[in-house]
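Read through the structure below, which is laid out as structure tokens, and then see the notes.
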Amino acid sequence: MEKLIITCAVVGAEVTRADNPCVPYTPAEIAAEAVAAARAGAAMVHLHARRPDGTPTQDAAAYRAIMDGIRASGTDVIIQVSTGGAVGMTAAERLQPVGLGPEMASLTTGTVNFGTGVFWNPPDLVAEFARTMVAHGVRPEIEVFEAGMVDNALRLVQQGILSLPLHFDFVLGGPGWMAATPRNLVHLAESIPAGCTWSVAGIGRHQLPMATLAVLMGGHVRVGLEDNLYYRKGELATGNAQLVERVVRLAGELGREVATPAEARRILHLNPRSS
Ligand code: KMH
Ligand code: ZN
């Protein structure tokens, strides 16, 4: 098996300090959480930005400040920006951080219910996002909330917009999406073409069981406060690093080595970082 890539989704767009006081808001706080996650063993961070009051923003300046803060720490963690943003944002708003030329960006390849709203990703928008990523040399991570989103991504390959191998992230267990069950995870892992890679992001209480399955199945793992605020039932996580540390321990117990950012770049077919 390849070494295990741990991605940390450090803040997301929805969770607040009322949910868990560790949720970071300012660029400096988000960067600090990302650096702590990287030091704990995350090879990649999935970023969203917030305004100082906690409301989500896709403002490029906010992302730039977060990215600069992460790089200033000296970590070479892979930086993946969100193009999902928050429900209700326009396409132009959501695309802003791609212009900064991060190594990766998330790309959700279909529309799905999200909380009480709709996470709107019609075909034209998805194709535009994919083309913009390619134009900026940004590698997509395909976010899969429903099984048909795998097929939608492969259609982009057939259309010549994206190319294989792709990296998929199966986001399972949120209300209104595919359930976080072993059967669904096996089905998704078997649905992607040979040579592609996948991780799983289990939502809430599903984070740990899905991570465990991925470690055993040869997939990769996403954890972090975006997806899960708790360490265990009734006990809030003390930060992103704590959730990453647990996966590192789990992988060690199960005999799977954890990838460094440089190793993760090789596994994901990203260019090596020169500086
Ligand atoms: N906040 C959700 C509406 C992504 O980052 O690409 C979308 C999301 C997915 O978090
Ligand atoms: Zn996200």
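Atoms within each ligand, like the ligands themselves, are counted from 1 in listed order.
Salt-bridge annotation for Glu29 and Arg50: absent, with no side-chain N of the basic residue lying under 4.0 Å from a carboxylate O of the acidic one. Between Asp151 and Arg155 there is no salt bridge, since none of the side-chain N atoms of the basic residue sits less than 4.0 Å from a carboxylate O of the acidic one. Ion pairing between Arg94 and Glu128 fails under the 4.0 Å rule for side-chain N and carboxylate O.
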Could you tell me, for ligand 1, which of its N or O atoms are under 3.5 Å from any protein N or O, listing the pairs and their distances rounded to 0.1 Å?
| unit_1 | atom_1 | unit_2 | atom_2 | d |
| --- | --- | --- | --- | --- |
| ligand 1 | 1 (N) | Glu14 | OE2 | 2.7 |
| ligand 1 | 1 (N) | Gly85 | O | 2.8 |
| ligand 1 | 5 (O) | His46 | NE2 | 3.1 |
| ligand 1 | 5 (O) | His48 | NE2 | 3.0 |
| ligand 1 | 5 (O) | Ser82 | OG | 2.7 |
| ligand 1 | 6 (O) | Gly84 | N | 3.3 |
| ligand 1 | 6 (O) | Ser106 | OG | 2.6 |
| ligand 1 | 10 (O) | His48 | NE2 | 3.3 |
| ligand 1 | 10 (O) | Glu226 | OE2 | 3.0 |

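The side-chain contact (heavy atoms from CB on, under 4.5 Å) with Thr7 is formed by just one residue from the set Met44, His220, His167; it is Met44.
Atom CZ of Arg17 sits in a crowded spot, with more than 12 heavy atoms from other residues, nucleotides or ligands closer than 6.0 Å. Under a cut-off of 6.0 angstrom, the local environment of CG in Asp124 is sparse, with at most 12 non-hydrogen atoms contributed by other residues, nucleotides or ligands.
For the Zn ion (ligand 2), protein N, O or S atoms closer than 2.8 Å were enumerated as His46 NE2, His48 NE2, Glu226 OE2, with waters left out.
Although no hydrogens or angles enter the test, the distance criterion places a donor-acceptor pair under 3.5 Å between the side chain of Arg139 and the main chain of Leu268.
Between Phe114 and Trp177, the angle of the ring planes lies from 30° to 60°, which puts this pair in the tilted group.
Side-chain contact between Met67 and Val81 is present, with heavy atoms from C-beta onward closer than 4.5 Å.
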